[in-house]
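What's counted below: heavy atoms across the whole structure, side chains too, no hydrogens, waters or symmetry copies.
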Amino acid sequence: MDSTASVSLASLWDEVSGTQPDPELWVVIATLAAALVVVTPHGLWRLSRNAITIAHEGGHGLVALLTGRTLTGIRLHSDTSGLTVSRGKPTGIGMILTAAAGYTAPPLLGLGGAALLGTGRITLLLWLATLLLIAMLVMIRNAYGALTVLVTGATFVLVSWVAGPQVQAAFAYAVVWFLLLGGVRPAFELQAKRARGGAGDSDADQLSRLTHVPAGLWLFLFHAVSLCALLGGGRWLLGL
């Protein structure tokens, strides 16, 4: 029995970690266009930004855990805002890294996804995304947030188990393009809000209070990370 289970687990791991054929270039271009469509117009972005918020708050939560803080809960709101609460030392490197992880998480996740797709690991990408969403669901503390993460996770599960290889590849490329492109826009939105005198308690402002570094420099970091991730990830996805 144990040997059979070991063989099954080994086969499953081989299937998940193995490589799949790259999609044709027209599929890569089509998924790029689709991602642009849901990121650029305000109406569609108002809906699709919820997925970026999941990655943003998930970044806060993951780094909080990795730096030894106690993650107490995550909330996602219908206005696409979110809140991640953790306990621990209110200053220091752990708090700084946790605060910096939000705006940088979507583009860095996109960059990591592009690296996986660049090596043909489409199935591994889909499974890792599903596991991260399941882990995040445990920490969600409001109904809207739970519904958002459930729907997103169910989509990944459905594609991973039901769809054929071509559909899986197109879905994976669309998701990664979306993270790369969608990771750029929030920093510009934050900059615009701060220019109008709003968003006084943004991640950049919190980081400024923690580090005594001007919030504008933190905004520059957010821009640099998202744009560099887009350029690097885009090259991997396009096979350049």
Side-chain angles (χ1 to χ4, degrees), residues 8-41 44-59 61-62 74 76 80 82 105-140 144-183 229-230 233-234 236-239:
S8 298
L9 287 174
S11 300
L12 178 61
W13 173 247
D14 289 340
E15 180 180 347
V16 171
S17 62
T19 60
Q20 294 77 41
D22 293 332
E24 297 182 26
L25 181 59
W26 73 266
V27 175
V28 179
I29 300 299
T31 55
L32 167 59
L36 280 170
V37 166
V38 298
V39 166
T40 304
L44 288 176
W45 172 243
R46 178 67 178 74
L47 296 174
S48 64
R49 198 184 193 281
N50 285 284
I52 295 297
T53 303
I54 290 175
H56 180 114
E57 300 303 330
L62 178 61
I74 299 173
L76 306 174
T80 72
L108 290 179
L109 285 172
L111 183 63
L116 288 174
L117 294 181
T119 58
R121 287 175 169 80
I122 296 169
T123 302
L124 181 59
L125 169 67
L126 296 175
W127 278 56
L128 285 175
T130 303
L131 291 174
L132 287 173
L133 287 166
I134 292 172
M136 185 174 180
L137 181 61
V138 176
M139 300 308 302
I140 296 294
Y144 181 83
L147 177 62
T148 303
V149 175
L150 272 173
V151 170
T152 306
T155 303
F156 275 89
V157 170
L158 186 65
V159 171
S160 300
W161 285 94
V162 177
Q166 293 181 337
V167 174
Q168 289 184 2
F171 177 77
Y173 272 77
V175 167
V176 172
W177 277 122
F178 171 73
L179 286 171
L180 292 171
L181 292 167
L230 175 59
W236 277 329
L237 293 176
L238 294 169

Side chain to side chain, W177 and V28, heavy atoms closer than 4.5 Å: yes
L32 side, atom CG; L237 side, atom CG - distance, nearest 0.5 Å: 8.5 Å
D22 and Y173, any side-chain heavy atoms less than 4.5 Å apart: yes
Rounded distance (nearest 0.5 Å) linking atom CH2 of W161 with atom CG of L126: 12.0 Å
Side chain proximity check, V176 to L125, heavy atoms < 4.5 angstrom: yes
Spacing of OG1 belonging to T152 relative to CG belonging to L147, to within rounding of 0.5 Å: 9.0 Å
CD1 on I74 to CE on M136, rounded to 0.5 Å: 4.0 Å
Euclidean distance, H56 NE2 relative to R49 CZ, rounded to 0.5 Å: 8.0 Å
A172 versus I122, closest heavy-atom pair with distance: CB-CG2, 3.9 Å
Interatomic distance, I52 atom CD1 to W45 atom CH2 [nearest 0.5 angstrom]: 5.0 Å
Heavy-atom side-chain contact between I54 and L133 under 4.5 Å: yes
Distance-minimising heavy-atom pair for F178 and S48: CZ-O, 3.2 Å
Any donor-acceptor pair under 3.5 Å from Q168 side chain to V159 backbone: yes
Heavy-atom donor-acceptor pair, T53 side chain to T80 backbone, under 3.5 Å: yes
Minimal non-hydrogen separation, L179 against A55, with atom names: CD2-CB, 4.3 Å
If you look only at distance, which donor and acceptor atoms sit under 3.5 Å apart when one is on a side chain in residues 105-119 and the other is two or more places apart or in another chain?
| from | atom 1 | to | atom 2 | distance (Å) |
| --- | --- | --- | --- | --- |
| T119 | OG1 | A115 | O | 3.4 |
| T119 | OG1 | L116 | O | 2.9 |
| T119 | OG1 | R121 | NH1 | 3.4 |

With N50 via side chain to side chain donor-acceptor pair (under 3.5 Å) - residues at least two apart: Y144
